[in-house]
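Shown next, in structure tokens, is the structure this report addresses.
Atoms considered below: every heavy atom in the structure, side chains included; atoms not considered: hydrogens, waters and symmetry mates.
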Amino acid sequence: MNIPNSKIVDIRLPSEWLEFGILEGSHLITYANLSGKVNPLFVSSVENIFKKDDEFYLMCATATRSKEALKLLQKHGFKAVKDIRGGAYYYEKTGAKFDKFDL
């Protein structure tokens, strides 16, 4: 996969960004908290970056949350959003470079 980082929304938790790293230039918007409650600002935060017809990708750790977030965004009219299959762990194995993240 050769996706520009600027077209990736990293929906993992901040603790995951700290532990695993981030893709420089990606958009960091947490989808849900540890208990699974969806971030009430998730959709509006994505709307501030991408238009409903823009192609972009969602990435979580293993592609479980990104599939849920994908459905939510599609419900809100996003037509070209996709998820990164296998998530960050698989994406790194395909050659993506994750950088250290500090708060």
Closest approach of [X] and [Y], non-hydrogen atoms and distance?
| X | Y | value |
| --- | --- | --- |
| D53 | K79 | OD1-CD, 3.3 Å |
| M59 | F98 | CE-CE2, 3.9 Å |
| A63 | I84 | CB-O, 3.7 Å |
| A32 | L13 | O-CD2, 3.1 Å |
| A80 | D54 | CB-O, 3.4 Å |
| L58 | L70 | CD1-N, 3.4 Å |

Distance from [X] atom [atom1] to [Y] atom [atom2], nearest 0.5 Å?
| X | Y | atom1 | atom2 | result |
| --- | --- | --- | --- | --- |
| S66 | R85 | OG | CZ | 10.5 Å |
| F50 | K7 | CZ | NZ | 7.5 Å |
| F20 | D10 | CZ | CG | 10.0 Å |
| N39 | N33 | CG | CG | 8.5 Å |
| Y31 | L73 | OH | CG | 8.5 Å |

Problem - Residue pair F101, L28: steps toward the side chain to side chain contact (heavy atoms under 4.5 Å, CB included) verdict - result: CA-CA 11 Å; F101 177 72; L28 308 177; 3.7 Å; yes

For the residue pair [X] and [Y], establish whether any side-chain heavy-atom pair is separated by less than 4.5 Å.
| X | Y | value |
| --- | --- | --- |
| V9 | Y57 | no |
| V43 | L72 | yes |
| V81 | V46 | no |

Problem - K52 atom NZ, over 12 foreign heavy atoms within 6.0 Å - result: yes

Exercise for the section: May I ask you to check whether over 12 heavy atoms, not counting those of E55, lie within 6.0 Å of atom CD? Expected result: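 Atom CD in E55 is crowded, with more than 12 foreign heavy atoms closer than 6.0 Å.
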
Problem - Short N-O contact, R12 and E19, less than 4.0 angstrom - result: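 Not counted as a salt bridge, because no side-chain N and carboxylate O are separated by less than 4.0 Å.
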
Handout entry: Co-membership, hydrophobic cluster, residues I49 and F42, 4.5 Å side-chain
Key =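 Result: yes, single cluster for both.
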
Practice task
Tell me whether L18 is reachable from I29 by hopping between hydrophobic residues (I, L, V, M, F, W, Y) whose side-chain heavy atoms are closer than 4.5 Å.
Solution key: no

Exercise for the section: Give a yes or no on whether the ring-centroid distance for H27 and F56 is below 6.0 angstrom. Expected result: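 No; F56 has its ring centre 6.0 Å or more from that of H27.
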
